[in-house]
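To start, the structure itself, in structure tokens.
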Amino acid sequence: MRLCRFDDNRLGVVRGAAKALTVHDVTTILDALPSWRYPLPDHDPLIAALPGLRDRIEALADAAPGIPVGNVRLLPPVASPRKIVAAPVSYRLHHEEALADQTIHHGTNIIPIDKAGLFLKAPSSLIGASEPVVIRFPEARNDHEIELVAIIGTRADRVSRDQALSRVAGYAVGLDMTVRGTQERSMRKSCDSYTVLGPWLVTADEIPDPSALEMHLTVNGETRQKTSTANLLRDVAALIEKASAFYTLMPGDLLFTGTPEGVAPVVSGDVMMAWIAGIGEMEITVR
Ligand code: MN
């Protein structure tokens with residue numbers, strides 16, 4: 001199932017193939033979620049409830065007319081992630097390009113994921129596929145980083161590698177937008193709009209092997225990044241094992257798995273197209 005959020009916090013199921021994708025409004029299912037009072041939950045309520053709601057969501061989608069996907073404004077498919085976990089330098093060729101280019105490394109210590117571990121991005125940086133990335137520091141180098149994103153579905157506290165994928169609700173395409181510079185990653189990658197998630201969530205049953213997904217990113221039609229998740233130095237399961245060794249992952253938490261080689265700057269007016277096999281593509285403008 002492909003699940004999107006759109007327009008004024010509506011929920012939809014995406015059906016159909018490439019050029020004829022339609023959104024089927026299933027917003028009424030949100031009435032089945034608990035209503036919360038302070039303190040708010042430590043997870044995303046829809047993602048937590050999803051396994052028990054899927055049959056009813058499919059039935060609602062069956063009965064709803066299809067809206068062409070181009071006619072809706074896509075929001076991030078997860079409304080309220082409490083953590084956005086991200087992997088640094090998790091493709092070998094990206095490590096090599098980062099070491100070779102002073103405008104990427106800025107004299108900072110670029111070490112691969114085995115030694116560096118993971119970092120966190122501010123949830124306030126999250127946008128959906130129909131929103132623009134707004135360049136915060138035009139005088140700096142602002143790079144695109146396409147990444148496969150795993151969306152955690154069930155609580156994961158110190159899970160082993162072989163149990164890890166069972167905790168995933170689904171996958172989406174991510175852009176980990178980055179200001180290059182000497183500051184901490186958590187600062188440079190947390191500007192408003194610097195975390196793009198979309199175009200929708202594809203449930204994990206449709207992605208049996210997240211370690212064999214082709215991906216590419218173009219800017220103004222020119223290919224910049226192109227690889228397969230087979231080239232990840234640490235795969236999705238290993239990243240979940242590593243993250244959950246340090247903190248409990250909760251439903252709706254996002255795991256950005258790292259970017260391949262080909263990172264490059266974007267400026268206002270550019271249009272990025274990010275695609276991952278089995279998930280879909282999204283076109284993001286830069287302002
Ligand atoms: Mn990244």
Side-chain angles (χ1 to χ4, degrees), residues 76 78 81 83-101 103-106 108-127 129 133 135-137 140-152 171-198 210-211 213 215-219 224-236 238-240 242-243 253-266 272 274-276 279 282 284 286:
V78 181
K83 287 192 286 306
I84 302 178
V85 181
V89 195
S90 58
Y91 289 85
R92 184 179 57 83
L93 293 178
H94 174 55
H95 187 213
E96 290 177 5
E97 76 178 351
L99 290 174
D101 186 343
T103 68
I104 297 179
H105 67 67
H106 282 269
T108 58
N109 194 13
I110 300 279
I111 53 177
I113 185 158
D114 274 350
K115 291 178 179 164
L118 301 158
F119 65 95
L120 294 164
K121 286 167 70 84
S124 53
S125 62
L126 185 65
I127 61 168
V133 167
I135 298 295
R136 189 90 167 185
F137 298 101
R141 173 173 165 168
N142 293 265
D143 281 8
H144 53 74
E145 295 191 353
I146 184 176
E147 312 198 0
L148 173 69
V149 180
I151 297 155
I152 300 299
Y171 299 90
V173 182
L175 291 176
D176 172 22
M177 301 301 298
T178 302
V179 182
R180 299 295 173 201
T182 56
Q183 299 94 340
E184 299 286 349
R185 283 188 177 90
S186 62
M187 191 173 204
R188 294 185 285 108
K189 292 167 172 277
S190 289
C191 299
D192 295 355
S193 82
Y194 275 44
T195 304
V196 188
L197 186 74
S211 293
L213 302 176
M215 63 163 82
H216 71 247
L217 177 137
T218 67
V219 177
R224 294 271 188 87
Q225 294 186 277
K226 184 171 168 45
T227 195
S228 162
T229 55
N231 295 317
L232 277 168
L233 294 172
R234 287 291 170 267
D235 63 15
V236 174
L239 292 172
I240 290 171
K242 173 64 81 177
D253 283 358
L254 307 179
L255 174 61
F256 278 65
T257 57
T259 203
E261 69 280 8
V263 299
V266 287
M272 302 178 283
W275 169 85
I276 299 182
I279 300 174
M282 56 184 186
I284 309 292
V286 181

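As the structure lists them, so they are numbered: ligands from 1, and atoms in each ligand from 1.
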Report yes or no: does H144 contribute a side-chain atom to a donor-acceptor pair with the main-chain N or O of T218 at less than 3.5 Å?
no
I need the I104 CD1 to R141 CZ distance, nearest 0.5 Å.
4.5 Å
Atoms listed for the Mn ion (ligand 1) (protein only, N, O or S, under 2.8 Å, no waters) are E145 OE1, E147 OE2, D176 OD2
Check residues 116-126 and write down every donor-acceptor pair under 3.5 Å in which the side-chain atom is one partner and the other belongs to a residue at least two apart or another chain.
unit_1, atom_1, unit_2, atom_2, d
K121, NZ, D176, OD1, 2.5
K121, NZ, K189, O, 2.7
K121, NZ, Y194, O, 3.1
K121, NZ, T195, OG1, 3.1
S125, OG, A122, O, 2.6
S125, OG, T195, OG1, 2.6

How about CD on E184, more than 12 heavy atoms from neighbouring residues, nucleotides or ligands closer than 6.0 Å, or not?
no
How about NZ on K242, more than 12 heavy atoms from neighbouring residues, nucleotides or ligands closer than 6.0 Å, or not?
no
Should V89 and L233 count as side-chain neighbours, where that means a heavy-atom distance under 4.5 Å?
no
